[in-house]
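Each chain gets a letter, A, B and so on, in the order the sequences are listed, and its residues count up from 1.
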Number of protein chains: 2
Amino acid sequence: MTKGDETRDSVLREALAQSSQVGLRGITIGGLADAMEMSKSGLFSHFGSKEGLQSAVMDYAAEAFTQLVIRPALKAPRGEPRIRTLFDRWLGWGGYADYALPGGCIFVSVASEFDDAPEGPVRTKVVQLERDLLDTIETIVRGGITEGQFRESTDPAAFAHDLLAIVLGYNFSARLLRDPAATGRAHDAFDRLLDHIRS
Amino acid sequence: MTKGDETRDSVLREALAQSSQVGLRGITIGGLADAMEMSKSGLFSHFGSKEGLQSAVMDYAAEAFTQLVIRPALKAPRGEPRIRTLFDRWLGWGGYADYALPGGCIFVSVASEFDDAPEGPVRTKVVQLERDLLDTIETIVRGGITEGQFRESTDPAAFAHDLLAIVLGYNFSARLLRDPAATGRAHDAFDRLLDHIRS
DNA sequence: CCAATAAAAGCACGACCGTTCGAATCAGGC
DNA sequence: GCCTGATTCGAACGGTCGTGCTTTTATTGG
């Protein structure tokens with residue numbers, strides 16, 4: 001990895017951390033340059049535009065999420081263990097990297113930030129990544145159906161949607177309200193969701 | 001109502017509409033002034049600071065929500081009809097006023113915006129209003145328990161949390177993904193949630 | 001109708017925004 | 001160890017941000 005790629009990478013790591021707290025729109029070239037102790041223009045030249053930076057952050061986040069959440073889940077046995085691993089890691093993946101995401105899951109933070117945004121490359125990317133995430137969940141569910149662990153009548157898309165809703169609710173309780181019961185409730189909801197599709 | 005209060009009110013209406021789309025942080029004194037066709041300073045003088053404006057917007061939103069969602073729910077019979085009315089109106093309250101909230105429920109939009117924000121008067125207000133909303137749901141659930149419609153063992157706080165999660169998920173699917181199945185899924189999830197507490 | 005008061009406008013400010021560009025500095029291949 | 005290209009920097013740009021003043025205009029009570 002060349003020097004340029006190296007700084008680009010560490011800039012993205014910092015940008016991801018900041019985005020998880022203030023959103024993709026909240027990050028600032030100047031603020032990022034300060035945190036990295038480099039010049040605005042030097043940092044800027046790696047991305048060409050703020051949109052380019054935002055897109056790069058989302059790509060970087062997707063890569064990290066794949067490595068820290070999805071890959072470990074796919075290593076677990078098909079069906080319930082796999083979906084449970086995904087859920088557990090998802091709730092806490094901000095803490096699993098050598099760096100941290102102080103603002104929790106960025107896919108949650110960013111979702112409502114772009115829900116009413118006009119069409120544009122960043123929104124398109126956000127939507128696509130969220131869809132990819134739902135697709136992954138659906139695939140795992142389908143695997144569980146094939147295994148016979150989950151009912152034939154299970155609707156994978158509905159399950160994925162409901163699972164995402166649980167994570168959104170968890171984020172609300174844990175981060176906004178700082179409710180200590182958040183984790184327990186999320187797991188309860190998850191168990192109930194699983195009960196419904198178990199055969 | 002004096003002239004000043006009148007303009008203040010219409011500014012808040014516009015500010016609420018904008019906030020539902022771009023968030024409380026996304027609104028701008030200048031942008032608001034343009035939309036109202038008045039000067040920045042004239043508009044500014046009604047609120048004293050941007051924080052003051054943001055707080056006022058949340059108060060205004062709470063008032064509208066009470067009138068358009070909570071009050072109609074409380075007019076419905078206790079128990080299931082009441083909680084169902086709340087849910088239905090909640091999903092669509094952006095369209096119920098003579099003005100519209102083009103960005104949907106502002107309590108949803110704003111939740112993740114402030115979840116990692118440092119303590120401050122606006123965050124405090126947001127948290128308090130969200131808590132009030134959960135309290136209202138809990139009270140309605142307790143009413144249903146008293147009526148005998150809901151199980152004695154029902155946990156009103158957990159129900160309120162789960163209901164909120166459904167709305168968050170609905171917002172995600174409907175507004176970010178623009179999934180036409182969003183409404184149906186939200187109602188399905190709501191029915192399942194009710195099934196669980198019905199006696 | 002006029003005076004007292006409230007509301008709105010005009011203007012300027014310092015700070016920060018994203019972006020451009022030319023100059024300085026550095027890295028790696030010969 | 002130099003040459004070339006990659007990388008970073010410094011300074012500046014036009015804009016917009018929130019906010020403070022002073023002045024002008026509108027409203028209202030007597």
Chemist: Check this for me, if you would: do B:Arg192 and B:Asp195 make a salt bridge, where the nitrogen-to-carboxylate-oxygen distance has to be below 4.0 angstrom?
Modeler: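 No, this pair does not count.
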Chemist: Could you tell me if B:Glu14 and B:Gln18 have a donor-acceptor pair between their side chains, going purely by distance under 3.5 Å?
Modeler: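 Checked: B:Gln18/B:Glu14 side chains pair up, N/O donor to acceptor below 3.5 Å.
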Chemist: Which ones in residues 22-46 of chain B lie close to DNA chain C, meaning a heavy atom under 4.0 Å from one of its atoms?
Modeler: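 Contacting residues: B:Met38, B:Ser39, B:Ser41, B:Gly42, B:His46.
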Chemist: Ignoring hydrogens and geometry beyond distance, is a side-chain donor-acceptor pair present between B:His187 and B:Asp88 at under 3.5 Å?
Modeler: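 Yes, B:Asp88 and B:His187 have a side-chain donor paired with an acceptor closer than 3.5 Å.
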Chemist: Between A:Thr7 and D:dT8, is there a contact of a side-chain N or O with OP1 or OP2 at under 4.0 Å?
Modeler: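 Yes, within the criterion.
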Chemist: Taking only Lys NZ, Arg NE, NH1 and NH2, and the carboxylate oxygens of Asp or Glu, determine whether A:Arg178 and B:Glu119 approach each other closer than 4.0 Å.
Modeler: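 Result for this pair is yes, salt bridge flagged.
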Chemist: What is the distance from NZ of B:Lys50 to P of D:dT19, rounded to the nearest Å?
Modeler: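 Going from NZ in B:Lys50 over to P in D:dT19 covers 8 Å.
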Chemist: Below 30° counts as parallel, above 60° as perpendicular, anything between as tilted: where do the rings of B:Phe87 and B:Phe190 land?
Modeler: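 Because their plane-to-plane angle is under 30°, the rings of B:Phe87 and B:Phe190 count as parallel.
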Chemist: Closer than 4.0 angstrom, basic N to acidic O: yes or no for A:Arg84 and A:Asp191?
Modeler: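 Yes, charged N to carboxylate O under 4.0 Å.
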Chemist: For C:dG28, take OP1 and OP2 only and decide whether either is under 4.0 Å from a side-chain N or O of A:Thr2.
Modeler: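 So the side-chain polar atoms of A:Thr2 never come under 4.0 Å of the phosphate oxygens OP1 or OP2 of C:dG28.
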Chemist: Rounded to the Å, how far apart are A:Glu51 CD and C:dC17 P?
Modeler: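 It is 18 Å, rounded to the nearest whole Å.
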Chemist: Can you check the A:Met1 CE to D:dT7 P distance for me, whole Å?
Modeler: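 Whole-Å distance recorded here is 12 Å.
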Chemist: Rounded to the nearest angstrom, tell me the gap between atom CZ in A:Arg8 and atom P in D:dA6.
Modeler: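 Nearest whole value for this atom pair: 16 Å.
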Chemist: Nearest whole Å is fine: how far is D:dT8 P from A:Phe47 CZ?
Modeler: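 So the two atoms are 10 Å apart, to the nearest Å.
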